[in-house]
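Okay, so here's the structure we're looking at.
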Amino acid sequence: MPQATFLNRQALYLRPDPARVVVRPFKPSVDPRPLKAKERTRANRIVDHVMALDAETTATLLTDVLENFQGRHRNLLEIFEARADELEEALLPHTVFTTAQRQLVGSYFLNEYAFESAALFNPSIVCHPDQTGAPEGGCRFILSLRAVGEGHISSLTFRVGSIDADGSVTVDPIARLATMPKLRIRAPGPMGDTVEVAFRPEEELSERVIFPLTLAQARGIEDARFVAFQAGGETVFYATYTAYDGTAIRSELLETRDFRSFRLTPLAGTAAGGKGMALFPRKINGRYAMIARYDGENLHLLYSDDLYRWDHGTLLLTPKYPWEFVQIGNCGSPIELDDGWLLFTHGVGPVRKYSIGAVLLDKEDPSKILARSHLPLVHPDPSERAGYVPNVVYTCGAMRHNNLIILPYAISDTFSNFSTMRIDDLLMSLDV
């Protein structure tokens, strides 16, 4: 099956990089034998070892650690101090510490994690809120990506790039370092913790990594679908994503205005227990609107007066063509065109082959389907089938620039690429 003839592959392969690491808390495994009521724990014993060192040895060891790791992370001593603050129970009964002792103790309870060593995929793209330096007739964009490391833990990372007037796509070089944000607020709620985090202004966007922060996210922040939402004359960037704890999933919502400060909130309602939710970029007839697949097979249209609560809606799309007989899902938020809402979809066919198609929905009433892909626009190329999950192409969101659609997509759940297409050509390919 050939790819759509009007599709322009950019060959900008974004691949996982095992050299990029963040520092995470390390917790020693529990003792192999049952502990007596007053017996020191393994963490206690590690602290005891450090506290027994003389001042000169402590200073020498700390210097060695810094020389080994300093060029790989920002503010390493500050990270050591913060980790020591979390170890008050293990630090007892030692009540007096030198600064060097605290920092060295903190270093023993941290480890490096190569957050994108296994995969860098399922991208989503939005126009950058700061267009400084944009090419004439083009624009700057932000690309979000799902990064996967050891143990299949997913986090959220970013890239910055540009679209030229002729539709050429370039991606800026990435930062050498990678940094996790400061946790500012953890507010308990009926559906679990809402958290707010922030990065320092000097930390580049491609340096910022949002790693799982709550128990519900413990195994992953997956497949963020970003959208530039228009409300009251301002733009707020939202992303629906899947929180995964290793057993259960739920949908959550990320909010940011500047991609430096982020708020992450669990969603409530009967539809929020599924995955693959995608928010429309503005209200429709005074209400928020969402595309969701909460039954694992079909797409539904949801409306809500509350951005954080989503209950079951109306059936919108069911599998119709052979390339989507197993299931269909959305591939990001709908894109507003003069002709209607353009919704990219994915379909699963024989041998669990994932392909990407599109649907055009009525602008005033998105429950009406105006046109639909009979054949997929993008499907796995024979030369690109090898990867973490073979035979998959997937995207979490495209964007419009003038008369073009810029479609970033993942290949075999391993790496990512870009395609562009003219809107007129795309619409002509859809079946009424």
Side-chain angles (χ1 to χ4, degrees), residues 1-15 120-145 158-174 205-206 224-228 230 235 237 259 278 281 330-346 355-360 371 373 375-381 383-384 393-411 415-430:
M1 184 187 301
Q3 306 284 354
T5 57
F6 54 84
L7 195 73
N8 180 24
R9 289 176 179 260
Q10 297 285 306
L12 282 173
Y13 297 115
L14 305 181
R15 299 185 182 276
L120 191 65
F121 64 123
N122 292 2
S124 178
I125 189 171
V126 290
C127 192
H128 202 303
D130 181 1
Q131 287 296 307
T132 303
E136 184 175 355
C139 78
R140 300 278 286 160
F141 65 79
I142 293 175
L143 187 78
S144 70
L145 296 135
F158 303 96
R159 300 288 187 271
V160 176
S162 297
I163 305 161
D164 292 338
D166 65 359
S168 298
V169 180
T170 58
V171 178
D172 295 354
I174 60 173
L205 186 51
S206 65
R225 288 159 161 80
F226 273 87
V227 62
Q230 305 300 318
T235 300
F237 296 94
F259 285 85
N330 75 71
C331 278
S333 293
I335 299 170
E336 188 167 8
L337 306 178
D338 294 338
D339 300 88
W341 294 104
L342 176 64
L343 175 68
F344 284 99
T345 65
H346 71 261
S355 303
I356 298 172
V359 175
L360 187 67
S373 295
L375 297 172
L377 303 171
V378 188
H379 60 82
D381 187 275
S383 66
E384 298 174 338
V393 290
Y394 198 90
T395 182
C396 285
M399 67 173 281
R400 176 186 184 178
H401 176 64
N402 296 331
N403 64 342
L404 289 175
I405 294 294
I406 293 84
L407 177 72
Y409 63 97
I411 299 166
F415 59 97
S416 299
N417 192 19
F418 291 82
S419 285
T420 62
M421 63 194 85
R422 290 177 56 86
I423 292 173
D424 291 346
D425 293 334
L426 169 59
L427 294 181
M428 288 180 62
S429 75
L430 304 182

Just say parallel, tilted or perpendicular for the rings of Y394 and H346, cut-offs at 30° and 60°. tilted
So CG of L407 and CG of L377: to nearest 0.5 Å the spacing works out to 8.0 Å
Ignoring hydrogens and geometry, is there a side-chain-to-backbone donor-acceptor pair from S162 to T170 under 3.5 Å? no
Only pairs at least two apart or in different chains count here, so list each side-chain hydrogen bond (donor to acceptor under 3.5 Å, both in side chains) that has a residue in residues 121-137. N122-D223, D130-T132
Are any non-hydrogen side-chain atoms of L14 and N417 less than 4.5 angstrom apart? no
Can you tell me how far the CG atom of D381 sits from the CD1 atom of I411, to the nearest 0.5 Å? 8.0 Å
So, S416 side chain and L120 main chain: donor-acceptor pair closer than 3.5 Å or not? yes
Main-chain N/O of S168 paired to D166 side chain as donor or acceptor, under 3.5 Å: yes
Does a side-chain heavy-atom distance below 4.5 Å link M421 with N8? no
Looking only at non-hydrogen atoms, find the nearest pair between L145 and R159 and report the distance. CD1-CG, 3.6 Å
Using the rule given for side chain to side chain contact (heavy atoms under 4.5 Å, CB included), can you reason through D424 versus N403, listing the C-alpha separation, both sets of side-chain angles and the distance that settles it, and then say yes or no? CA-CA 8 Å; D424 291 346; N403 64 342; over 6 Å; no
Among V126, I142, L143, exactly one meets side-chain contact (heavy atoms from CB on, under 4.5 Å) together with F226. Which residue is that? V126
So, do D172 and L205 sit near enough that their side-chain heavy atoms are less than 4.5 Å apart? no
R9 vs S419, test: side-chain hydrogen bond (donor to acceptor under 3.5 Å, both in side chains). Steps then yes/no. CA-CA 4 Å; R9 289 176 179 260; S419 285; 5.2 Å; no
Looking at G332 and L343, what are the two nearest heavy atoms and their distance? O-CD1, 3.5 Å
Could you check if a side-chain atom of F141 sits within less than 4.5 angstrom of a side-chain atom of C127, using non-hydrogen atoms only? no
Nearest heavy-atom contact between A224 and C396 is O-CB, 3.5 Å
Under 4.5 Å between any side-chain heavy atoms of I356 and H379, yes or no? no
What is the distance from atom NE2 of H401 to atom OG1 of T420, rounded to the nearest 0.5 Å? 11.0 Å
Compare every heavy atom of A134 with every heavy atom of G138, then report the nearest pair and how far apart it is. O-CB, 4.4 Å
Donor-acceptor contact below 3.5 Å, side chain T395 vs main chain P408: yes
Check P334 against P281 and note the closest heavy-atom contact, atom names and distance. O-CD, 3.4 Å
Suppose we call two aromatic rings close when their centres sit under 6.0 Å apart. Are F259 and F237 close by that rule? yes
Could you give the distance from CZ (F418) to OH (Y409), rounded to the nearest 0.5 Å? 10.5 Å
For M399 and I405: C-alpha separation, side-chain torsions, deciding distance, then whether side chain to side chain contact (heavy atoms under 4.5 Å, CB included) applies. CA-CA 6 Å; M399 67 173 281; I405 294 294; over 6 Å; no
Looking only at non-hydrogen atoms, find the nearest pair between L430 and A358 and report the distance. CD2-O, 3.8 Å
Under the criterion side chain to side chain contact (heavy atoms under 4.5 Å, CB included), I'd like the reasoning laid out for L426 against L342: C-alpha separation, chi angles, the key distance, then a yes or no. CA-CA 10 Å; L426 169 59; L342 176 64; 3.5 Å; yes
